[in-house]
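Bear in mind the structure is a predicted one, so any value in this text is a computation, not a measurement. In listed order, ligands and their atoms are each counted from 1.
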Amino acid sequence: MTEPFDAVEVIAAKRDKHELDDAQIDWVVDAYTRGVVADEQMSALAMAILLNGMNRREISRWTGAMIASGERMDFSSLSWRTADKHSTGGVGDKITLPLAPLVAACGIAVPQLSGRGLGHTGGTLDKLEAIPGWRAALTNDEMMAQLEDVGAVICAAGPGLAPADKKLYALRDVTGTVEAIPLIASSIMSKKIAEGTGALVLDVKVGSGAFMKSEPMARELAETMVSLGNDAGVTTVALLTDMSTPLGLTAGNACEVAESVEVLAGGGPADVVELTVELAREMLAAAGKDHVDPADVLASGGAMDVWKRMISAQGGDPDAPLPSPKETHVITAPASGTLTRLDALSVGVAAWRLGAGRSRPGEQVQAAAGVVMHAKPGDQVTAGQPLLTLQTDTPERFERAVAALDGGYDIGAGRVDSSSVVIDRIR
Ligand code: URA
């Protein structure tokens, strides 16, 4: 087959700050998926996009081309309406675990296609795999049956969904081209639109532990994704939320599952409960069911029942003890005073180095690895008290994890604003 374009001319156009036209975009995404455009050519184009940007038309067309590279799912045969949530990734971000069963218990089905950890950010599938027996891979038919029966499913996206993104994402990960707003927005939204959810709530993280370190950049990402979703007929809203400090008191795999179960049982850290309930409210409103208050449903134990059914349906034992670490190392407070800062990136890198994340693609993560925090910014601490407990099965990892936390917290006399984790709402 003769190709209508030449990859070099498309790369040079973006390098020279020109707009790519619709036909060029459709071709380059399709040709890359077919293997006609080589990895090194797509790397050069991704870098040109990172440096020179894309306008809204180009981003929308690029997203459409990634959707067209694979299958589209369709939930219209379900007896439920559907809503999904996507987080741009953070440290201690276990919200999907209590949120999916909570929204299902409120009457809206949640088809949550999740991912694995990326760099210092944790992955929902890695966390759930800490539960004995639980499996992430479901066929489309299994997913549909579980959604109809239980109302919530958290599983891996199948190979047929946006294959262009699977290839391009792996390439960006190793070519320094992850942090480009057009590429992040099209990557996330192509998967969510192809998945076929009726409504979508985006949790766009801002701060040291997020990919977007500044509020203006996070806002631009959120606005771009919200317009892509709404233009594709998916009711989409975004919350901008703080990721300068970890969410909750745990960052890792089994320890985050345990904290999520505490939330489902009516306890858990205030920031995790607040964000779970806020996101649930947004999902219910976007799906047209805002007369149910998720805070009441959480308190009633209804979400815990759905959690147990959701875990069991995927082979997991929700009552089995979670793996515990072979070794722990406690970092104590060096002084008395107020914990004025606990840096999300430092904690995320420490958890990653302890074995909660991967240093090479395909590596096995440790279920019991992670960091347990004994205080959050604003809490009073006393010199010598435990501040952080590091957990791993391989104690030779402690040294580099401790190094990651060096300079990652401050204790002083200052006050800490007890502001909400939600910074803004974008629709
Ligand atoms: N998550 C995604 O799915 N894609 C990105 O590009 C970044 C975060």
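In terms of polar-atom proximity, Y169 is not counted as a contact of ligand 1, lacking any N or O under 3.5 Å from an N or O of the ligand. The shortest N or O to N or O distance between D165 and ligand 1 is not under 3.5 Å. Considering backbone and side-chain N/O atoms, T88 never comes within less than 3.5 Å of an N/O atom of ligand 1.
Close contacts between ligand 1 and S187 involve ligand atoms 2 (C), 3 (O), 4 (N), 5 (C), 6 (O) [criterion: under 4.0 Å to a heavy atom]. Interface atoms of ligand 1 facing R172, defined by a heavy-atom separation under 4.0 Å, are 6 (O).
Between W27 and V10 there is a side-chain heavy-atom pair separated by less than 4.5 Å.
Nearest to atom 1 (N) of ligand 1 by heavy atom, out of T177, I188, L168, is I188.
Sorted by first and then second residue, the ring pair (Phe, Tyr, Trp, His ring centres under 6.0 Å) pairs involving residues 128-166 (not counting sequence neighbours) form an empty list.
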For a quick test of your reading: what N or O donor-acceptor pairs under 3.5 Å do the side chains of residues 225-235 make, sequence neighbours left out?
from	atom 1	to	atom 2	distance (Å)
S227	OG	R56	NH1	3.4
S227	OG	E223	O	3.3
S227	OG	T224	O	3.2
N230	OD1	T236	N	2.9
N230	ND2	V226	O	3.2
N230	ND2	T236	O	3.3

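Put simply, the side chain of E256 never gets that close to the backbone of N253: no donor and acceptor are under 3.5 Å apart.
Between the NE2 atom of H86 and the CD atom of E195 there is a distance of 10.5 Å, given to the nearest 0.5 Å.
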